Q: 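Below you will find the structure I want to go over with you.
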Amino acid sequence: VGTSSNIGNNVGLFGFTNNGATIKNVTLENYKINGGYGNNVGALIGYARGTTITKVTTKGSIYLGYSRYNSENIGGIVGHVETESSMTITQCHTEGSITTSSAGYQVGGIVGLSEAAASRSVSITNSYSTMQVSGNDSIGGILGWGSRSYISYCYGTGKVTGRGEN
């Protein structure tokens, strides 16, 4: 996709997964997502609702360069996580880069945006990221932005660059 076009919403190997889905033992190598702008962009899943993710490795790059529109919820494994039940991401690894030209909100090495319903949670455990991550606001080596999200036994060693806040 050229750098002046919309790559769309819910972009990844799986664009959208729904409650009860399980993805495990997957390796994506040398992937390249290159486009103008998009929301909910992840190497594995663009938008994951109530999905269990185990033993996933992604190695590649995401580049969103068209700055006329915002790009939101961008992650090395999942762009946007939402759940009304508890959800886990465990034993996962990412490496490579996520680069956004002048936009880019909620950008993370593993997950861009994570949100769970009241009394529920999203857990990221026993995982790590060496991914270089850049964006405008809410940028993180593991998670860009989360509510009711827990990170345990994880680390991130990639360079994180934010042009705005958080």
Side-chain angles (χ1 to χ4, degrees), residues 1 7-17 21-49 51-65 70-83 87-101 103-115 122-147 149-163 166:
V1 175
I7 64 168
N9 297 324
N10 305 332
V11 175
L13 179 63
F14 300 100
F16 176 85
T17 58
T22 298
I23 298 176
K24 61 183 177 179
N25 302 320
V26 174
T27 298
L28 298 176
E29 291 189 358
N30 300 315
Y31 73 87
K32 185 174 184 178
I33 299 173
N34 186 12
Y37 63 96
N39 296 316
N40 308 327
V41 177
L44 182 69
I45 307 168
Y47 192 112
R49 180 180 292 149
T51 301
T52 299
I53 301 168
T54 307
K55 295 183 180 177
V56 169
T57 298
T58 65
K59 301 175 183 179
S61 66
I62 298 173
Y63 174 76
L64 301 175
N70 293 333
S71 294
E72 298 181 347
N73 315 328
I74 305 158
I77 292 179
V78 182
H80 186 168
V81 169
E82 176 194 26
T83 187
M87 178 177 153
T88 61
I89 297 170
T90 188
Q91 298 178 7
C92 295
H93 164 226
T94 64
E95 62 183 75
S97 64
I98 299 175
T99 307
T100 62
S101 180
Y105 299 87
Q106 294 89 237
V107 182
I110 294 178
V111 175
L113 171 64
S114 171
E115 49 190 354
V122 175
S123 296
I124 303 172
T125 62
N126 299 313
S127 299
Y128 69 97
S129 174
T130 61
M131 185 163 269
Q132 293 185 32
V133 181
S134 73
N136 194 49
D137 190 10
S138 300
I139 314 304
I142 301 291
L143 174 63
W145 187 89
S147 72
S149 301
Y150 301 94
I151 300 171
S152 58
Y153 304 105
C154 295
Y155 67 89
T157 60
K159 181 179 180 181
V160 175
T161 306
R163 293 179 297 277
N166 307 317

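Every value quoted in this text rests on a predicted model; they were computed, and no experiment measured them. For reference, positions follow the sequence shown, starting with 1.
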Q: Of the non-hydrogen atoms in Asn9 and Gly38, which two are nearest, and what is the gap between them?
A: OD1-C, 4.2 Å
Q: Where do Val78 and Ala48 come nearest, in terms of heavy atoms and distance?
A: CG1-CB, 3.8 Å
Q: Out of curiosity, Glu72 CD to Asn136 CG, how far, rounded to the nearest 0.5 Å?
A: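 Here the rounded value is 10.5 Å.
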Q: Would a distance-only check, ignoring hydrogens and angles, find a side-chain to backbone donor-acceptor pair under 3.5 Å from Thr94 to Gly109?
A: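 Present.
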Q: Do we see a donor-acceptor contact under 3.5 Å between the side chains of His80 and Glu115?
A: yes
Q: For the residue pair Ile77 and Cys92, what are the closest heavy atoms and their distance?
A: CD1-CB, 3.4 Å
Q: In terms of side-chain heavy atoms, does Thr125 have a donor or acceptor partner in Thr90 at a distance below 3.5 Å?
A: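 A donor-acceptor contact under 3.5 Å links the two side chains.
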Q: Verify the distance criterion only: is there a donor paired with an acceptor across the side chains of Gln106 and Asn73 at less than 3.5 Å?
A: yes
Q: Once rounded to the nearest 0.5 Å, what's the spacing between atom CD of Gln91 and atom CD1 of Ile124?
A: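 Answer rounded to 0.5 Å: 14.0 Å.
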Q: To the closest 0.5 Å, what do you measure between CD1 (Ile110) and CE (Met131)?
A: 9.5 Å
Q: Let me confirm one number: the CG-CD1 distance from Leu64 to Ile74, rounded to the nearest 0.5 Å.
A: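 The distance works out to 4.5 Å.
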Q: Taking all heavy atoms of Ser127 and all of Ile89, pick out the closest pair and write down the distance.
A: OG-O, 4.1 Å
Q: Applying the side-chain contact (heavy atoms from CB on, under 4.5 Å) test to Ser114, which of Ser149, Ser147, Ser123 qualifies?
A: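 Going through the options one by one, the only one that passes is Ser149.
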Q: Closest heavy-atom contact between Ile139 and Thr161?
A: CG2-O, 4.0 Å
Q: With salt bridge (Lys or Arg N to Asp or Glu O under 4.0 Å) as the rule and sequence neighbours excluded, what pairs involving residues 33-49 come up?
A: Arg49-Glu82
Q: Side chains of Thr52 and Lys24, heavy atoms from C-beta outward: is any pair under 4.5 Å?
A: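 Not touching, per the 4.5 Å side-chain cut-off.
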Q: When rounded to the nearest 0.5 angstrom, what is the spacing between OG1 in Thr130 and OH in Tyr155?
A: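 Answer rounded to 0.5 Å: 8.0 Å.
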Q: Looking only at non-hydrogen atoms, find the nearest pair between Tyr31 and Ala43 and report the distance.
A: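 Taking Tyr31 first and Ala43 second, the nearest heavy atoms are CZ-CB, 3.4 Å.
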Q: About how many Å separate OG1 of Thr57 and CD of Glu95, when rounded to the nearest 0.5 Å?
A: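 If I round to the nearest 0.5 Å, the distance is 8.0 Å.
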